[in-house]
Amino acid sequence: MLKIYNTLTQKKEIFKSLVDKKINMYVCGMTVYDYCHLGHARVMLVFDVVVRYLRSQGFEVNYVCNITDIDDKIIQRAHENKETFQELTQRYIQALEEDMKALGVISPTKQPRATSYIAEMQALISVLLEEEIAYRAVSGDIYYDVKKFSSYGKLSHRHLDELQAGIRVEVSEDKKNPLDFVLWKMAKPGEPAWDSPWGRGRPGWHIECSAMSMQCLGEHFDIHGGGFDLIFPHHENEIAQSEGVTHKTFANTWMHVGYLQVNKEKMSKSLGNFFTIRDILKKYHPEVIRYFILSSQYRSPLHYSEEILNNAQLALERLYLVLREFNLKENIKPASSRFRERFLSSMNDDFNTPEALAVLFEIAREINRIKNENEEEAKMLAYELREEAAILGLLTEEPSNFLQKSSKEIDVKRIEMLIQQRVLARLEKDWKQADKIRDELFALGVVIEDAEGKTRWRIQ
RNA sequence: GGCUGGGUAGCAGAGUGGUUAUGCAGCGGCCUGCAAAGCCGUAGACGCCGGUUCAAUUCCGGCCCCAGCCUCCA
């Protein structure tokens with residue numbers, strides 16, 4: 001029985017899809033004006049695992065993840081770069097796709113872009129104006145009147161008066177209420193603009209997700225997700241807009257991924273403490289990043305440091321060292337074991353990946369324990385280990401590939417030649433020479449293992 | 001000020017009203033020419049103060065501390 005923590009109710013709830021065995025899920029994706037950092041990777045990897053898991057449990061998941069390709073920061077950045085906003089966004093959309101591919105993130109079923117849904121956004125704004133939930137200000141900009149939506153604040157668990165007390169931005173003369181947010185913004189000369197019944201302009205940030213999610217998934221769907229920082233105001237506003245138009249529940253379950261922290265601070269662009277995905281991939285295997293992300297529960301803050309990533313690497317090596325012992329070429333569906341049940345119940349408990357990983361390590365130990373006495377059973381467990389790890393997107397590589405991959409240039413020919421020399425030295429029981437070669441290899445970052453008459457090597 | 005979520009062994013990080021999380025690191029052993037890998041064993045923890053209970057790290061209350069949101073942010 002799958003339970004998911006719902007930000008809306010602040011409880012873990014038994015998950016039930018609107019249509020049996022089908023799930024419609026929307027995740028707020030990236031604004032494309034710069035490279036993605038590890039914090040973005042966390043969100044994408046978490047939902048990647050959510051989708052993989054749900055599919056493995058027989059759900060047909062319709063996974064929509066948008067791209068925001070028009071917004072103030074994009075306009076500003078394009079202006080700074082003296083290029084069109086399309087040139088800018090196209091470049092970063094491509095970078096985003098490269099990053100996601102490198103991380104092994106499965107593609108969303110659909111990846112709508114804001115600029116392709118301008119008409120749908122305008123349709124929503126029209127309804128909100130007709131219903132007088134939105135108003136046109138003196139400037140011509142159109143705002144959402146938060147006072148008209150009685151349950152405003154239900155997702156972030158705040159009340160309008162509390163919010164107003166904490167206002168810390170200068171209040172625009174234009175708005176009736178400082179918390180009102182823009183739906184349509186009139187264009188200044190030189191800014192990107194679209195025709196609308198209210199004049200040339202561009203959409204506000206929040207309306208795009210209402211338009212895209214409802215267009216792609218319907219007015220009422222199962223899961224809506226994103227980073228923690230989107231709870232307020234973004235998702236709150238999405239609810240206000242969508243439910244303001246439809247008068248029915250927008251999304252049933254709201255999932256939010258915790259922050260990635262560096263030195264106890266949130267990783268963010270403004271603090272300048274971020275690491276881009278592509279930079280980290282220069283030093284670490286994608287599965288190491290994935291392991292690191294999954295080693296904490298998705299709602300908790302996750303601390304980043306190089307030491308922790310190194311630890312993730314060592315942990316993954318342990319699992320790969322187990323799989324290396326077997327030739328898992330056959331297409332075998334392993335039988336249920338006592339481990340499988342625990343793996344599944346961990347995942348069913350709000351995607352508790354740290355606990356699921358712990359189960360994988362227990363399988364690994366069991367394999368090591370029995371492999372000499374009962375090779376067949378060990379092999380079955382190895383198949384199971386690989387299958388369950390695949391749900392997390394791990395252990396998908398050939399073990400020797402993973403274990404012999406290095407971020408530095410390695411000279412495999414030289415390594416193998418040295419190993420050959422050492423084998424000869426060992427046959428002659430020339431331990432001094434053998435150890436000297438081993439030291440030499442170690443200096444190259446190569447670790448040697450002598451087992452069952454063979455010598456194997458791996459990196460680091 | 002309001003609202004969220006936290007504080008678990010050297011590090012990371014789950015979980016539980018009484019029983020080994022897990023990974024890395026440590027200690028002892030087995031294996032090995034020596035290592036590596038692996039196995040067995042072992043040590044070490046639940047912010048502070050009260051309360052409930054036969055029993056609390058786990059429930060309740062208070063306090064302290066940390067992070068985040070209330071402006072754009074995944």
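Per chain, numbering begins at 1; letters A, B, ... match sequence-line order.
Of the side-chain N and O atoms in Arg318(A), none sit less than 4.0 angstrom from OP1 or OP2 of U22(B).
Scanning residues 364-378 of chain A for heavy-atom distances under 4.0 Å to RNA chain B yields Arg365(A), Asn368(A), Arg369(A). Using a 4.0 Å cutoff on non-hydrogen atoms, no part of residues 93-101 of chain A comes near RNA chain B.
Separating the CG atom of Leu179(A) from the C1' atom of C69(B) is a distance of 13 Å, rounded to the nearest angstrom. Gln261(A) places its CD atom 17 Å from the P atom of A74(B), with the value rounded to the nearest Å. Summarising the geometry, the separation between OH on Tyr320(A) and C1' on A36(B) is reported as 21 Å, rounded to the nearest angstrom. Taking atom CG on Leu309(A) and atom C1' on C11(B), their separation rounds to 14 Å, with Å as the unit. Between Leu302(A) atom CG and C66(B) atom P the separation is 21 Å, expressed in whole Å. Protein atom CG of Leu155(A) is 16 Å distant from nucleotide atom P of C69(B), rounded to whole Å. Rounded to a whole Å, the CG atom of Leu230(A) is 11 Å from the P atom of C70(B). When rounded to the nearest whole Å, the span between CZ of Phe361(A) and P of U22(B) equals 11 Å.
With Tyr135(A) as the aromatic partner, Lys176(A) meets the cation-pi criteria of under 6.0 angstrom to the ring centre and within 45 degrees of the ring axis. A cation-pi geometry, defined here as NZ or CZ lying under 6.0 Å from the six-membered ring centre and within 45° of its normal, does not hold between Arg318(A) and Phe361(A).
Between His224(A) and Tyr26(A), the distance separating the two ring centers is shorter than 6.0 angstrom. Checked against the 6.0 Å centroid criterion, the rings of His256(A) and His235(A) qualify as a close aromatic pair.
When distances run from any side-chain atom of Tyr259(A) to the nucleotides G68(B), A35(B), C72(B), the shortest one goes to G68(B). Checking A67(B), G33(B), A74(B) against the side-chain heavy atoms of Cys28(A) singles out A74(B) as nearest. Candidate nucleotides C72(B), U4(B), C66(B) were compared by shortest atom distance to the side chain of Lys264(A), and C66(B) ranks first. For Glu362(A), taking side-chain heavy atoms from C-beta onward, the closest of the listed nucleotides C72(B), G23(B), A21(B) is A21(B).
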Distances under 3.5 Å only, N/O to N/O: pair up the protein atoms with those of nucleotides 25-32 of chain B.
none

Show each protein N/O and nucleotides 14-20 of chain B N/O combination with a separation under 3.5 Å, one pair to a line.
from   : atom 1 : to        : atom 2 : distance (Å)
A14(B) : OP1    : Gln297(A) : N      : 2.7
A14(B) : OP1    : Ser300(A) : OG     : 3.4
A14(B) : O3'    : Asn352(A) : ND2    : 3.0
A14(B) : O2'    : Glu355(A) : OE2    : 3.0
G15(B) : OP1    : Asn352(A) : ND2    : 3.0

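On the P atoms, U52(B) is 28 Å away from A9(B), given to the nearest whole Å. G23(B) and C63(B) have their C1' atoms separated by 35 Å, with the value rounded to a whole Å. Using P as the reference atom, G44(B) and U22(B) are 16 Å apart when rounded to the nearest Å. Rounded to the nearest Å, the gap between the P atom of C40(B) and that of G5(B) is 40 Å. C59(B) sits 24 Å from C66(B) when the C1' atoms are compared, rounded to a whole Å. Rounded to whole Å, the C1' atom of A74(B) lies 41 Å from the corresponding atom of G38(B). To the nearest whole angstrom, the two C1' atoms, one in C49(B) and one in A14(B), are 27 Å apart. Nucleotides U16(B) and U57(B) are separated by 16 Å at their P atoms, to the nearest Å.
Considering every non-hydrogen atom in both Glu238(A) and Ser213(A), the closest pair reads OE1-OG, 4.5 Å. Here the closest non-hydrogen pair linking Leu395(A) and Arg386(A) is O-CG, 3.8 Å.
Take Asp350(A) and apply the side chain to side chain contact (heavy atoms under 4.5 Å, CB included) test, not counting sequence neighbours, and it matches Ile4(A), Tyr5(A), Lys12(A), Gln297(A), Tyr298(A), Arg299(A).
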Could you spell out the base pairing of RNA chain B in dot-bracket, with Watson-Crick or G-U pairs whose two distances are under 3.5 Å, [ ] crossing and | to another strand?
(((((((..(((.....[...))).(((((.......)))))....(((((..]....))))))))))))....
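Position along RNA chain B of the nearest nucleotide to Lys266(A) versus Ala315(A) favours Ala315(A) as the more 5'-ward residue. The nearest heavy atom of RNA chain B to Val447(A) and to Glu265(A) marks one nucleotide each, and the one closer to the 5' end goes with Val447(A).
No hydrogens or angles were tested; on distance alone, a donor-acceptor pair under 3.5 Å links the side chain of Asp435(A) to the base of G33(B). Remark: the Arg42(A) side chain and the A74(B) base include no donor-acceptor N/O pair separated by less than 3.5 Å.
Phe351(A) pairs with exactly one of Leu294(A), Leu392(A), Leu2(A) by the side-chain contact (heavy atoms from CB on, under 4.5 Å) rule, that one being Leu2(A).
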